[in-house]
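Note that the coordinates shown come from a computational prediction; the quantities given were computed from them, not determined experimentally. Residue numbering restarts at 1 for every chain, and letters A, B, ... go by the order of the sequence lines.
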There are 2 protein chains.
Amino acid sequence: MGKASRPTLNRRKLPRQARSAVTVDVIFEATIQVLLSDGPIRLNTTRVARRAGVSVGTLYQYFPNKQALLFAVLERHLAVLADAIAKACDENRCATVEKIAETVVKAYLNARMAQAEVSPALALVAMELDARELIDAALRRSEKAIETMLSTASDSRFVDPRVIAQTITAVIYGTVPAFCQRVMSPAARREAEKQLTIMFRSYLIAQRSSAAEARRATTPSSR
Amino acid sequence: MGKASRPTLNRRKLPRQARSAVTVDVIFEATIQVLLSDGPIRLNTTRVARRAGVSVGTLYQYFPNKQALLFAVLERHLAVLADAIAKACDENRCATVEKIAETVVKAYLNARMAQAEVSPALALVAMELDARELIDAALRRSEKAIETMLSTASDSRFVDPRVIAQTITAVIYGTVPAFCQRVMSPAARREAEKQLTIMFRSYLIAQRSSAAEARRATTPSSR
DNA sequence: TCCAAACCTGAAGAATGCTTCATATATCCG
DNA sequence: CGGATATATGAAGCATTCTTCAGGTTTGGA
């Protein structure tokens, strides 16, 4: 994809006073609200400023351009998600395979349910922003947390925790948005969570050292 | 999400002559090209027309507005994906669990690799277009195909093929875009495919009638 | 209290994008 | 061949969006 040259994303000015720090937070919040109410294509600085109750000139005091604002919002959002995963993984060291699978699914679903409709929109805004690095950083952070948790599993040893963590991370980052966007009853949502947990658990069991090696011995590799 | 009232998406005019049918195809192709080269936010009718080598007035002869054009492009794209899944599933009736897992992963990856960078961009467009129904239709079609294939598995019986199909469909529609967007070596891509296949296979084995019932008997349900 | 710095305002200007329509060109069939 | 229909053109008009900047208001410290 050929892209226009990348405008500066650095803030024009950092808030010094408390009131301006509040202003920046209000702008962030308004951005999310506009994204939710109007969608990513109709999201513009004029609407955000109006929603925030500040002038558009104020907005440009703190963000050099529209892209910088969206970039900052995305960054915050990804941090929240990655934090949730990391925290959950830290709290579940030395867990069983069953617990590991549940932990990952729950942590992510909970984090994303809290802002269910924002994530997909922001992910797609990210595409335009060429925020690949930002997303990759969040992904890698989650992978690392999951990998570490896998290494401390109380009832299993895995041949390659890293590959497993990568696969699981890709699935949850990819799948959960789709679940969150669907109109689902609470029961259907619980079922989806259950199925995802079963999938992860069975995958983990299949990837345990003894199981993986047994499969290699009996299954000729065609790749 | 509150959205503006929905503009008409019906075509202004159907092509009657061969040259105009070609023109419409050229416009479709140009839309994809602009989407790839400039991204979804910079995708506009002026660029599409220029890329197609036709006047912007011609474009509006066949599409009442920009949204209608994008809607039509998305529709075509989803049809290609769902077709690929359905075809692969039809060709693998009475297959083993192993084969089923491979089929699903390969079919989808192949379909999506062919237009790796289009799908996420179109998804953004879809969000704005309120094309939920279109996407759901494609998802349901894939679910149905997978469900049917599961019901004919030669080495397994599943308690609830429908739920399984739903889960797998959600995972592949969610996960594969993430894989496709990553800069991966061919080897890494093959590994990802392998991991996804292992995940599906182990999930299917876990959901076989005898296995699922055994787990129910030994695991107290907390939900 | 006063002044410098921080913060806020919103009209205006420039650029962009969507869409139309008067006019021109191509095709088909009697 | 000629006329009706199909198709194509792109300048123009209108609306929208991004961003700036001259001027106004608030805060904090000497």
Side-chain angles (χ1 to χ4, degrees), chain A residues 3-28 30-31 34-35 38-73 125 128-129, chain B residues 3-28 30-31 34-35 37-73 124-125 128-129:
Chain A
K3 291 282 180 75
S5 66
R6 183 170 172 174
T8 179
L9 302 180
N10 295 320
R11 283 186 176 178
R12 267 191 170 179
K13 168 176 163 177
L14 289 176
R16 300 273 188 92
Q17 297 174 1
R19 61 172 176 158
S20 57
V22 168
T23 298
V24 172
D25 282 342
V26 167
I27 291 173
F28 276 132
T31 306
V34 172
L35 192 54
D38 298 350
I41 292 182
R42 287 154 57 82
L43 169 66
N44 63 43
T45 55
T46 312
R47 278 194 182 82
V48 169
R50 191 188 310 129
R51 179 66 71 98
V54 303
S55 77
V56 74
T58 296
L59 188 150
Y60 282 100
Q61 280 271 86
Y62 300 103
F63 303 97
N65 48 55
K66 181 184 172 186
Q67 282 207 351
L69 168 62
L70 296 182
F71 196 88
V73 171
V125 170
E128 191 57 29
L129 290 177
Chain B
K3 290 285 180 74
S5 66
R6 182 170 172 176
T8 179
L9 301 180
N10 295 322
R11 284 185 176 180
R12 267 191 168 178
K13 167 176 166 179
L14 290 175
R16 299 272 188 91
Q17 296 173 5
R19 62 171 177 160
S20 59
V22 168
T23 297
V24 171
D25 281 343
V26 168
I27 291 172
F28 275 132
T31 306
V34 171
L35 194 50
S37 63
D38 298 350
I41 293 183
R42 288 154 56 83
L43 169 64
N44 64 43
T45 54
T46 311
R47 280 195 180 83
V48 170
R50 192 186 309 128
R51 180 64 73 96
V54 303
S55 78
V56 75
T58 295
L59 188 149
Y60 281 101
Q61 279 272 85
Y62 300 103
F63 303 97
N65 48 55
K66 181 184 172 186
Q67 283 204 350
L69 169 62
L70 297 182
F71 196 88
V73 171
L124 170 66
V125 173
E128 193 55 30
L129 289 178

Dump every N/O contact between nucleotides 13-17 of chain C and the protein below 3.5 Å, one line per pair.
from	atom 1	to	atom 2	distance (Å)
dG17(C)	OP1	N44(B)	ND2	3.3
dG17(C)	OP1	R47(B)	NH1	3.4
dG17(C)	O5'	N44(B)	ND2	3.4

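Look at CG on L70(A): it is 13 Å from C1' on dC18(D), rounded to the nearest Å. What separates CD of Q61(B) from C1' of dC18(C) is a distance of 16 Å, to the nearest Å. If you take CD of Q17(B) and C1' of dT7(D), they are 6 Å apart, rounded to a whole angstrom. Atom CZ in R16(A) sits about 21 Å away from atom P in dT26(D), given to the nearest Å. Here the P atom of nucleotide dT20(C) and the CG atom of L59(B) are 12 Å apart, to the nearest Å. As a whole-Å value, the separation of Y60(B) OH from dT19(C) P is 4 Å. Distance Y62(B) OH to dT19(C) C1': 17 Å, rounded to the nearest Å. The distance between atom CG of D38(A) and atom P of dT17(D), rounded to the nearest whole Å, is 10 Å.
Between A21(B) and V56(B), the residue anchored nearer the 5' end of DNA chain D, judged by the nucleotide with its closest heavy atom, is A21(B).
The nearest pair of heavy atoms linking R42(A) to R47(A) is O-NH1, 2.8 Å. Contact detail for V26(B) and A52(B): the closest heavy-atom pair is CG1-O, 3.3 Å. The heavy-atom pair separating Y62(A) from S20(A) by the smallest distance is OH-CB, 3.2 Å.
No hydrogens or angles considered: a donor-acceptor pair under 3.5 Å links the side chains of S55(B) and T58(B). For the residue pair S37(B) / R51(B), a side-chain donor-acceptor distance below 3.5 Å is found, with atom types taken as modelled.
Proximity of T23(B) to the phosphate of dT7(D): no side-chain N or O atom is located under 4.0 Å from OP1 or OP2. For dG10(C), neither phosphate oxygen OP1 nor OP2 lies less than 4.0 angstrom from any side-chain nitrogen or oxygen of S55(A). The phosphate of dC7(C) (OP1 or OP2) has a side-chain N or O of S20(A) nearer than 4.0 angstrom.
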Begin with the C-alpha distance, continue with both residues' side-chain angles, and end with the deciding distance and a verdict on side-chain contact (heavy atoms from CB on, under 4.5 Å) for I27(B) and F63(B).
CA-CA 10 Å; I27(B) 291 172; F63(B) 303 97; 4.0 Å; yes
Residue pair L35(A), V73(A): steps toward the side-chain contact (heavy atoms from CB on, under 4.5 Å) verdict:
CA-CA 11 Å; L35(A) 192 54; V73(A) 171; 5.8 Å; no
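With dT9(C), dA8(D), dA6(C) as the candidates, the nucleotide lying closest to the side chain of T58(A) is dT9(C). The side chain of R19(A) approaches dC8(C) more closely than any other nucleotide in the set dT19(C), dC8(C), dT9(C).
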